[in-house]
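I have placed the structure first, in the form of structure tokens, so that the comments after it can refer back to it.
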Amino acid sequence: MARLDTGRGFARAVQSAVYRAGISGRRPAVPTTFAGLEEAARRALAPEAFAYLAGGAGSEHTMAANTEAFARWQVIPRVLRDVSERDLSIELLGRRRATPIVLSPLGVMELAHPDADVAVGRAAAALDVPYILSNQASRPMEEVAAAMGDASRWFQLYWSSSDDLNASLVRRAEAIGCEAIVITLDTHLLGWRTRDLDLGFLPFTRGQGIAQYTSDPVFAELVRDRVEHGADTAPDAPAVKVTPKAIRAALGIARAGSRAGLVDGGLAAAVRSPLPRAAVETFLDVFADPSLTWERIARIRDLTDLPVLLKGVVHPDDADRAVDAGMDGIVVSNHGGRQVDRSVPTIAVLPEIVERVAGRAPIILDSGVRGGADAVIALALGATAVGLGRPYAYGLAVAGATGVSEVVRNTIAELDVTLALAGCTSIDDLGPGVLREA
Ligand code: FNR
């Protein structure tokens with residue numbers, strides 16, 4: 001993943017690297033279209049893993065609306081403007097960033113690839129794209145940070161019902177050099193995920209995607225307390241039938257507990273210990289707090305001096321209130337259509353949110369961004385930056401860190417070429433005048 005020589009434009013550097021490699025018969029590691037990527041990921045993954053990554057809430061109307069809403073806007077190409085020199089950089093949270101792309105937090109990346117978050121971190125670092133580390137990661141944040149060197153990372157927090165755990169996670173994020181905390185607010189209840197329900201598959205119940213918890217000292221204390229009080233299984237949980245699948249799941253939980261250091265003495269000890277199972281149950285207890293309010297979230301200011309962004313905001317009033325409450329930015333997101341079916345698509349609410357908060361706080365948009373042209377539309381409508389989600393998960397599934405790297409690289413290249421063909425030379429040039437309503 002050598003850095004591209006982008007002296008004559010990022011898009012051109014990517015295109016010539018790809019076409020030159022093609023002469024000697026080498027093809028890119030991942031398809032360039034979203035449909036191609038999704039299909040390649042589907043072929044690469046177990047049905048449960050693909051369902052978790054690709055699925056949305058209910059009948060997946062929101063997922064469809066997210067991408068369809070982009071179709072309401074069209075880019076107007078312009079000619080005979082000197083666009084030979086282009087600058088994709090933006091100012092975000094007090095720093096100049098090479099591009100307006102960030103990687104949205106995606107949990108349970110071990111479903112896509114064994115290198116999971118570490119692979120994503122490496123790719124993000126190589127391309128100088130901020131990576132928002134997920135609270136539901138498959139690898140502890142310290143491990144991902146070590147793989148990223150001093151590259152830009154932020155931490156996404158799910159505000160758990162344990163204040164001590166929230167404080168501990170934020171302390172760890174500060175210690176590994178995160179530049180910001182992103183609190184995701186739209187998942188205080190798990191959405192009605194039909195594909196996962198049909199398969200009876202929720203990764204967390206198998207010890208997947210809880211590495212930030214099992215590696216946390218406060219969480220470990222909660223787990224030990226639970227075991228000491230003899231409550232290592234949920235009281236209302238039906239007995240699990242002993243089948244090969246159940247045994248595999250139990251082994252997976254034990255392995256996760258062993259890897260996280262919850263149990264000493266390797267896998268054999270972890271299989272005999274009640275701690276890994278108790279960790280899963282503790283996680284399910286503390287994960288989210290549907291009673292959360294604006295008053296309580298304000299406590300984040302007692303926990304950190306880092307910039308705080310609220311993710312999952314789609315109502316202009318909520319965006320306004322977040323900024324009034326002193327938050328440092330918002331992420332306009334509907335969680336990729338995974339929470340509310342028939343939700344408003346993010347790109348449709350963006351103009352109103354921009355009207356209310358632009359200039360007071362940065363606005364990052366995700367949910368439905370499938371390529372560089374989508375990013376151009378979001379930026380032209382006033383987003384400060386754009387978050388990439390599923391596309392990079394699929395890249396990870398198809399070709400590990402190289403796959404993530406190619407997906408992100410392709411998105412930036414398409415953004416660059418679209419910007420130029422729209423007659424612009426910088427992200428600041430992008431405004432409503434670049435677009436027309438379809
Ligand atoms: C997510 N998303 C998410 N968001 C978050 O704040 N924390 C998380 O752990 C996760 N995990 C996660 C897993 C998977 C598999 C998906 C697809 C999504 C939501 C994510 O950050 C982002 O908002 C969406 O992915 C954007 O939608 P698209 O563009 O991916 O469809």
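In listed order, ligands and their atoms are each counted from 1. Since the structure is predicted, the reported quantities are computational estimates derived from the model, not experimental observations.
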* **Candidate pair Ser89 and Asp87, rule side-chain hydrogen bond (donor to acceptor under 3.5 Å, both in side chains), full reasoning** => CA-CA 6 Å; Ser89 72; Asp87 177 8; 2.8 Å; yes
* **Asp366 heavy atom under 4.0 Å from ligand 1** => yes
* Structure fact -> For Gln136, the atoms of ligand 1 under 4.0 Å from one of its heavy atoms are 9 (O)
* **Derivation of the side-chain hydrogen bond (donor to acceptor under 3.5 Å, both in side chains) call for Ser215 and Arg172** => CA-CA 10 Å; Ser215 57; Arg172 290 169 60 200; 2.8 Å; yes
* Specify the protein heavy atom at minimum distance from atom 25 (O) of ligand 1: its residue, its atom name, and the distance to 0.1 Å. => Leu106 CD2, 3.6 Å
* Just checking, any donor-acceptor pair under 3.5 angstrom between side chains of Arg248 and Thr243? -> no
* When you measure from the centre of the six-membered ring of Phe219, is the NZ or CZ of Arg224 under 6.0 Å away and within 45° of the axis? -> no
* To do: Could you list which atoms of ligand 1 come closer than 4.0 Å to a heavy atom of Lys311?
  => 4 (N), 5 (C), 6 (O), 19 (C), 20 (C), 21 (O), 22 (C), 23 (O)
* Listed partners of Tyr394 passing ring pair (Phe, Tyr, Trp, His ring centres under 6.0 Å), at least two apart -> Phe34
* **Part of Ser333 with heavy atoms under 4.0 Å of ligand 1, whether side chain, backbone, both or neither** => side chain
* Structure fact -> Per-atom filter on ligand 1: closer than 4.0 angstrom to a heavy atom of Thr184 are 5 (C), 6 (O)
* To do: Using distance alone, decide if ligand 1 has a nitrogen or oxygen within less than 3.5 Å of any nitrogen or oxygen in Ser134.
  => yes
* From CA spacing to verdict: side-chain hydrogen bond (donor to acceptor under 3.5 Å, both in side chains), Glu174, Thr304 -> CA-CA 8 Å; Glu174 286 178 337; Thr304 186; 2.6 Å; yes
* Would you mind checking which non-hydrogen protein atom is closest to atom 8 (C) of ligand 1, with the distance to 0.1 Å? => Tyr158 OH, 3.3 Å
* Structure fact -> min-distance protein heavy atom vs atom 10 (C) of ligand 1 -> Pro105 O, 3.2 Å
* **Within reach of ligand 1, part of Gln156 (heavy-atom separation under 4.0 Å)** => side chain
* Structure fact -> One finds that the ligand 1 atoms under 4.0 Å from a non-hydrogen atom of Gly389 are 25 (O), 30 (O)
* Identify the protein heavy atom lying closest to atom 27 (O) of ligand 1, giving its residue, its atom name and the separation to 0.1 Å. => Gly336 CA, 3.0 Å
* Report yes if the side chains of Thr411 and Arg370 come closer than 4.5 Å at any heavy-atom pair, otherwise no. => no
* Structure fact -> Applied to residues 172-205, the ring pair (Phe, Tyr, Trp, His ring centres under 6.0 Å) test, sequence neighbours excluded, yields Phe204-Phe283
* To do: Would you indicate which of Arg338, Arg370, Arg390 comes nearest to atom 15 (C) of ligand 1 when only heavy atoms are counted?
  => Arg338
* Structure fact -> Only one of Val323, Val332, Asp324 passes side chain to side chain contact (heavy atoms under 4.5 Å, CB included) with Val357, and that residue is Val323
* **Sub-3.5 Å N/O-N/O distance, His335 and ligand 1** => yes
* Are Asp289 and Ser291 linked by a side-chain donor-acceptor pair shorter than 3.5 Å? -> yes
* To do: Decide whether Ser367 and Asn334 meet the rule of one side-chain donor and one side-chain acceptor closer than 3.5 Å.
  => yes
* Report the nearest protein non-hydrogen atom to atom 13 (C) of ligand 1: residue, atom name, distance rounded to 0.1 Å. => Gly107 N, 3.5 Å
* To do: State the atoms of ligand 1, each with its element, that fall below the 4.0 Å cut-off from a heavy-atom position in Leu53.
  => 15 (C), 17 (C)
* Is the closest N or O pair between Pro391 and ligand 1 shorter than 3.5 Å? -> no
